Amino acid sequence: MDPATLKFSKSHEWLHLDGEIATVGITDFAVEALTDLVFVDLPEVGRTLDAGEIFGEVESVKAVSDLYAPVAGEVTEVNTGLPDDLDALGEDPFGRGWMIRVAVTDASAADALLDETAYREHCQSAGH
Amino acid sequence: MVTPSSTCRIVETGTAHPGRWNMACDEWLLNMALQSGQPTVRVYAWSRPTVSLGYFQKPDALDSNPHVAGLDHVRRLSGGGAIVHHHEWTYSCVVPAGDPNAAPGTDLYDVVHRSVIDQLATLAGGPIAGLGLREIADGTDKPALCFARSAAEDVVCGKHKVLGSAQRRRRGAVLQHGSLLLRSSSHAPEFVGLEDLVPELVLPEDFPELMARTIAMSLGWQLAHKPISNVELQEIAQQTDLQPGT
């Protein structure tokens with residue numbers, strides 16, 4: 001997916017909205033900062049998420065980090081192959097590295113997220 | 001996000017507690033940092049030999065290891081391999097969100113580990129031969145036990161790993177804890193500790209306090225001692241009830 005078409009959270013998740021279905025993953029910046037990912041744990045299909053709620057966890061360099069839902073909704077699909085193909089996160093974070101698909105509660109909530117330009121600025125200004 | 005404080009609270013340093021309490025206290029300190037921006041450091045021991053599993057390790061990860069049979073076990077919030085906590089000092093430091101030390105990457109390991117190396121050199125009256133950050137890491141092999149693993153962030157003495165750390169990152173804050181191995185344990189006889197390797201090094205009784213102060217100052221924090229209050233102990237007790245393990 002073209003990052004220019006995506007929305008971003010300040011906690012480094014990306015979101016692609018197709019109607020009422022949002023595809024969610026973590027950004028190339030996050031993957032690079034995490035380095036050497038060894039585990040990812042994703043939610044079950046059917047789980048409902050609030051915006052900002054933890055939906056999964058990743059481990060890298062002995063650091064476990066939480067993943068946060070950028071919008072509220074119900075998980076409709078999980079990239080079940082990702083835990084066994086973590087290279088996908090580094091090689092194609094906006095494509096093969098997708099994590100979950102969510103039937104969003106309110107699609108307009110995505111408007112509050114950052115566009116790519118604002119997200120890149122956030123990464124720089126936050127000293128990341 | 002709350003404004004991070006630059007004054008570090010040093011808590012429960014030099015004391016020994018059961019494993020579940022230790023893990024509950026560290027998680028409680030992380031949650032406190034998220035609520036109040038308070039950095040903390042504690043250096044502690046374990047009231048009996050205990051295995052802590054890395055967050056993603058399976059409960060049966062050490063089932064084939066006869067040396068740890070029957071020991072208490074807990075699950076850490078942090079990643080990495082299992083640790084047999086016996087003859088060691090364990091540290092935890094919590095960096096609040098917004099503190100520069102919480103930036104992504106491995107700098108926090110580096111800063112804390114260098115500070116411990118320097119502290120030990122001060123106590124020894126000069127650099128300790130062979131003690132330093134690992135120069136060449138082989139991260140491809142992942143044995144179950146942390147001290148059998150090799151990472152660039154480790155502190156080694158010669159070829160022996162004596163200090164390893166791991167992290168939990170939550171909403172911009174970081175809990176980092178690590179184990180400084182002092183002596184070999186009958187529950188993990190394959191590993192030797194700092195006092196085995198450097199017998200002339202005698203750590204003073206107040207070493208945990210020195211270590212806590214050194215870590216806090218290396219992170220640019222001022223120091224404040226504030227014991228855990230009775231109300232806080234109750235909160236930790238509630239957290240303890242939620243901890244997996246025995």
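Below, chains carry the letters A, B, ... as their sequence lines are ordered, and counting in each starts from 1. Computed from a predicted structure; not experimentally measured.
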S.K.: Tell me, side chain or backbone of B:Q176 under 4.5 Å from chain A's heavy atoms, or both, or neither?
M.R.: neither
S.K.: So, the side chain of A:K62 versus the backbone of B:S165: is there a donor-acceptor pair under 3.5 Å, distance only?
M.R.: yes
S.K.: Output side-chain donor-acceptor pairs under 3.5 Å for residues 26-34 of chain A, partner residues at least two apart or in another chain, one line each.
M.R.:
from: A:T27; atom 1: OG1; to: A:F29; atom 2: N; distance (Å): 3.4
from: A:T27; atom 1: OG1; to: A:A30; atom 2: N; distance (Å): 3.0
from: A:T27; atom 1: OG1; to: A:Y119; atom 2: OH; distance (Å): 2.7
from: A:D28; atom 1: OD1; to: A:R120; atom 2: NH1; distance (Å): 3.1
from: A:D28; atom 1: OD1; to: A:R120; atom 2: NH2; distance (Å): 3.4
from: A:D28; atom 1: OD2; to: A:R120; atom 2: NH2; distance (Å): 3.4

S.K.: Could you pull out the closest heavy-atom pair between A:E57 and B:R168, with the gap in Å?
M.R.: OE2-NH2, 2.9 Å
S.K.: Which of residues 64-91 of chain A get closer than 4.5 angstrom to chain B, counting heavy atoms alone?
M.R.: A:V64, A:S65, A:D66, A:Y68
S.K.: Which atom names give the shortest non-hydrogen contact between B:F56 and A:D41, and what distance separates them?
M.R.: CE2-CB, 3.5 Å
S.K.: At a heavy-atom separation under 4.5 Å, does B:R171 approach chain A through its side chain, its backbone, both, or neither?
M.R.: both
S.K.: Against chain A, label B:L77 side chain, backbone, both or neither, depending on which of its atoms sit under 4.5 Å from a heavy atom there.
M.R.: backbone
S.K.: Taking the side chain as everything from C-beta on, heavy atoms only, tell me whether A:V58 gets closer than 4.5 Å to B:R169.
M.R.: no
S.K.: Counting only heavy atoms not in B:E135, do more than 12 fall under 6.0 Å of its CD?
M.R.: no
S.K.: Whether the A:E59 and B:Y55 side chains hold a donor-acceptor pair (N or O, under 3.5 Å, no angle test) is what I'd like checked.
M.R.: no
